[in-house]
Amino acid sequence: MNLNATTFLAEAAADPVYGMTSGRIAPTLAAVLALAAVVWGAVVLARGVRAGSNRALQVIALGACSAAGGALLWATADGGPGTGNGIVASWAAVALGLLAVVLGATASARSRRAA
C-alpha cells in the first residue's frame with residue numbers, strides 16, 4: 001500500500017465535511033433570511049393587510065432576494081451535499097424564498113379584494 005502525501009490528501013477530501021465552513025456561511029444566512037420571510041409572510045397573511053400597507057410587498061421582496069441569493073450560491077457551489085459548499089442551505093433558501101413570495105402575493109391579493 002502506497003502511503004504518500006497525495007494519496008492521503010485525496011482520501012481525506014473524499015470524506016464528508018461537518019460543521020460550519022466558509023462555504024456554508026452565506027447559504028445558511030440566505031436560508032435563515034428566507035425562513036424569516038416565510039414566518040413574516042404567514043403572520044401578514046393570518047392578520048390581514050390593510051389597504052395601503054406595503055407589508056405584503058416587503059415579504060415578496062425579502063423572499064425574492066433570498067431565493068435569488070440562494071440560486072446564485074447554488075450555481076456557484078463546487079460540490080454536492082456534504083462537501084462543505086452549502087448546497088443544501090442554498091436549496092432551502094430557494095424553496096423557502098419562493099414560499100415567502102407565494103405567501104406575500106396571496107396576502108397582497110387578499111388585501112386588494114378587501115379594499
Side-chain angles (χ1 to χ4, degrees):
M1 187 163 137
N2 188 5
L3 293 177
N4 58 23
T6 57
T7 305
F8 178 74
L9 290 176
E11 289 175 5
D15 292 335
V17 179
Y18 300 105
M20 188 59 68
T21 63
S22 62
R24 289 181 178 159
I25 293 172
T28 302
L29 290 176
V32 168
L33 185 68
L35 182 61
V38 168
V39 169
W40 191 13
V43 168
V44 168
L45 188 60
R47 290 187 179 173
V49 179
R50 295 184 312 265
S53 176
N54 60 359
R55 290 184 183 172
L57 296 177
Q58 292 170 351
V59 170
I60 293 170
L62 189 60
C65 287
S66 59
L72 177 68
L73 293 165
W74 181 1
T76 59
D78 292 333
T83 59
N85 292 317
I87 194 82
V88 176
S90 298
W91 293 341
V94 170
L96 291 171
L98 292 176
L99 179 60
V101 168
V102 169
L103 288 172
T106 304
S108 179
R110 284 189 184 177
S111 72
R112 280 190 222 131
R113 275 189 244 141

Colleague: Hey, is the main chain of Gly104 close enough, under 3.5 Å, to the side chain of Ser108 for a donor-acceptor pair?
Modeller: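 Not at all, since once roles are kept as given, no pair shorter than 3.5 Å links the two residues.
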
Colleague: Is it the case that one hydrophobic cluster holds both Val32 and Val38, taking links as side-chain heavy atoms less than 4.5 Å apart, direct or via other members?
Modeller: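 No, separate clusters.
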
Colleague: What are the two closest non-hydrogen atoms of Leu96 and Ala34, and how far apart are they?
Modeller: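 Minimum heavy-atom contact is CB-CB, 3.6 Å.
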
Colleague: Between Val94 and Trp91, is there a side-chain heavy-atom distance shorter than 4.5 Å?
Modeller: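 In short, these two side chains do not touch, never coming nearer than 4.5 Å.
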
Colleague: With hydrophobic residues grouped by side-chain heavy-atom distances under 4.5 Å, do Leu35 and Leu99 end up in a single group?
Modeller: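 Per the 4.5 Å side-chain linkage, Leu35 and Leu99 are co-clustered.
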
Colleague: Taking all non-hydrogen atoms of both residues, which atom of Ala31 and which atom of Ala92 are closest, and how far apart?
Modeller: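 Taking Ala31 first and Ala92 second, the nearest heavy atoms are CB-CB, 4.3 Å.
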
Colleague: Return the minimal non-hydrogen interatomic distance between Ala30 and Ser66, and the atom names on each side.
Modeller: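 In this case the closest contact between Ala30 and Ser66 is O-CB, 3.7 Å.
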
Colleague: Tell me whether Ile87 is reachable from Leu98 by hopping between hydrophobic residues (I, L, V, M, F, W, Y) whose side-chain heavy atoms are closer than 4.5 Å.
Modeller: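 Leu98 and Ile87: one cluster.
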
Colleague: Determine the minimum heavy-atom distance between Ala93 and Gly70, stating which atoms define it.
Modeller: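 Closest approach of Ala93 to Gly70: CB-CA, 3.9 Å.
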
Colleague: Tell me the closest heavy-atom pair linking Ala89 and Thr28, and the distance in Å.
Modeller: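 Shortest heavy-atom contact: CB-N, 3.8 Å.
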
Colleague: Report the distance from atom CG of Leu73 to atom CD1 of Ile25, rounding to the nearest 0.5 Å.
Modeller: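 Leu73 CG to Ile25 CD1: 12.0 Å, rounded to 0.5 Å.
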
Colleague: Do Leu33 and Trp40 sit in the same hydrophobic cluster, where Ile, Leu, Val, Met, Phe, Trp and Tyr count as joined when their side-chain heavy atoms come under 4.5 Å apart?
Modeller: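 The answer is yes; both residues are in one hydrophobic cluster.
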
